[in-house]
Amino acid sequence: LFYTRHDISSTHLSDTTLALPVFIFAGNLLSRSGIASRIFKFANSAVGHIPGGLGHVNVMASIIFAGMSGVAQADAAGLGRIELEEMERQGYDRSFSTAITAASAVIGPIIPPSGVMVLYAVLAGVRLDHLFLAGFVPGLMLGGFQMITIYLLVKMGKVIAPVQPVQGWNVRFRTFLGAAPALMVPGFLVVGLLTGIATPTELGAVTCVFATILGFAQGDFSIAKFWQCALETVKTTGILAILIMVAAPFTWILGVGNAGALLASTLETISQNPLVVLLIINLALLLAGSIMETAVIQLIAVPILAPIALMFGIDPIHFGIVVLLNLLLGTLTPPFGVLLFVMMSLTGLSLHQVSKAVMPFYLPMIVLLVLITLFPVLTTFIPNLVGG
């Protein structure tokens, strides 16, 4: 009875599950189709002159790239490599460059498409298109908060950022034209989700076709790269499938053992206020995110916590974004934050150096998490508007 409010149809489950490898494949194709450098040049012409320079460019490029990749590691390892090289060439401190590259990569899974969102939708039984739409406002807010943080660090003298001249409108227009095909992808996804002309899975499939054509048309793609993207997709999907298979019996055991009901009754004894319950879950997820991989946490925790959230009257879409933000903060938190290790491999810095450099960027994420927790309308406004 505890799980009956959480039932989902097999049709919805299969369609949503199929979206996971589709969007992973689309992200791999786009990241290898030569668009990363074009996005960086356009972002540089638009915001490179603001105090903080390439730090703002880093964030803006990640916001644009998020509408295509949706994977934090892809942002950090693909676009991040270009950003790090350019920031180092212009004399930025390596620790600061590493920190902002890692922090801005977190925007990727918040702005759709997002593999993490697909996994949550499957586990929680919520509509994937509504979950996608719920991520736009938080993703843009996080980018804005990060740019404010960079601006304040520069103004306070904590970071030395070389000043860049203002680019002429002719340069901005030229770089915009170079990035225009890539900018069409997030626009296409937004229109598709808002109008409902296609399911997220269908939109992902069209994105794969578009990314392939774009890569070959721009001369930055090849059959070998296409095959490599396919292999990477198979590997990533296979790993997730194995995790799902391993977690399924564990979740079943927890269900048979009535763990969800016991946890719900425990929370009720503490407080029946949904806000208090959300704060407790936030703390638990933040702790788990610092010591476990995000997909593993989702596979174990979401089937238990999602029904509990419903019992306390918490909107499932809102709850999904709260869970996502907690898990992404965990990717930047030692000792096992995955983005910290990605940046270590790219820069050669130690875990201590990367963790220390990232610390100022915990604040914008925590502020966003608090605001999203306190004001659910920030996540539910667009889905409710579209869904009637």
Side-chain angles (χ1 to χ4, degrees), residues 36-67 69 72 75-108 110-111 137-169 171-173 175-176 178-179 183 328-329 331-332 339-340 342-343 346-347 349 353-369 371:
S37 60
R38 292 180 174 85
I39 291 173
F40 182 82
K41 291 177 181 178
F42 169 63
N44 189 28
S45 68
V47 298
H49 61 280
I50 301 174
L54 291 181
H56 298 298
V57 175
N58 199 317
V59 175
M60 183 176 177
S62 292
I63 292 174
I64 299 173
F65 197 71
S69 169
D75 187 310
L79 181 62
R81 192 183 301 275
I82 298 172
E83 294 165 338
L84 287 169
E85 290 176 355
E86 185 62 22
M87 293 181 80
E88 185 169 351
R89 188 180 69 83
Q90 294 200 20
Y92 282 76
D93 180 75
R94 177 173 290 188
S95 296
F96 172 71
S97 304
T98 302
I100 187 56
T101 301
S104 65
V106 173
I107 301 173
I110 303 176
I111 297 178
V137 173
L140 294 176
M141 287 177 64
L142 179 57
F145 290 164
Q146 288 181 351
M147 294 178 78
I148 292 173
T149 303
I150 294 169
Y151 183 85
L152 293 175
L153 288 173
V154 172
K155 285 298 183 181
M156 291 187 298
K158 302 293 183 180
V159 173
I160 305 299
V163 178
Q164 294 192 90
V166 178
Q167 300 280 3
W169 286 105
V171 177
R172 296 181 183 183
F173 183 70
T175 56
F176 170 77
L183 297 174
L328 291 175
L329 185 55
T331 63
L332 292 173
L339 285 178
L340 301 180
V342 171
M343 300 315 300
L346 289 177
T347 62
L349 298 178
Q353 290 173 310
V354 177
S355 302
K356 183 179 178 181
V358 169
M359 286 184 65
F361 295 97
Y362 291 147
L363 182 59
M365 286 204 67
I366 293 174
V367 170
L368 176 65
L369 181 57
L371 289 176

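Fair warning: this is a prediction, and the values are worked out from it, not measured in the lab. This chain uses plain numbering: 1 for the first residue, then up along the sequence.
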Trainee: Tell me if the CE atom of Met359 is crowded by more than 12 foreign heavy atoms within 6.0 Å.
Mentor: no
Trainee: Check for a donor-acceptor pair, side chain of Gln146 on one end and backbone N or O of Ala103 on the other, with a separation under 3.5 Å.
Mentor: yes
Trainee: Within a strict 4.5 Å, meaning less than it, do heavy atoms of the Leu363 and Thr149 side chains meet?
Mentor: no
Trainee: Do Phe145 and Met141 make a side-chain contact, defined as non-hydrogen atoms from C-beta onward lying under 4.5 Å apart?
Mentor: yes
Trainee: Counting only heavy atoms not in Tyr362, do more than 12 sit closer than 6.0 Å to its OH atom?
Mentor: yes
Trainee: Has His56 got a side-chain atom pairing as donor or acceptor with Pro51's backbone, closer than 3.5 angstrom?
Mentor: yes
Trainee: Which atoms form the tightest heavy-atom contact between Ala46 and Met60, and what is the distance?
Mentor: CB-CE, 3.9 Å
Trainee: What are the two closest heavy atoms between Leu153 and Pro360, and how far apart are they?
Mentor: CD1-CB, 4.2 Å
Trainee: Is there side-chain contact between Lys158 and Phe96, with at least one heavy-atom pair below 4.5 Å?
Mentor: no
Trainee: Quick check against the 3.5 Å criterion: does Arg38 have a side-chain atom that pairs as donor or acceptor with the backbone of Thr175?
Mentor: no
Trainee: Is Thr98 close to Leu84 at the side-chain level, that is, under 4.5 Å between some pair of heavy atoms?
Mentor: yes
Trainee: Who passes side chain to side chain donor-acceptor pair (under 3.5 Å) against Ser355, sequence neighbours left out?
Mentor: none
Trainee: Quick check against the 3.5 Å criterion: does Arg94 have a side-chain atom that pairs as donor or acceptor with the backbone of Thr347?
Mentor: yes
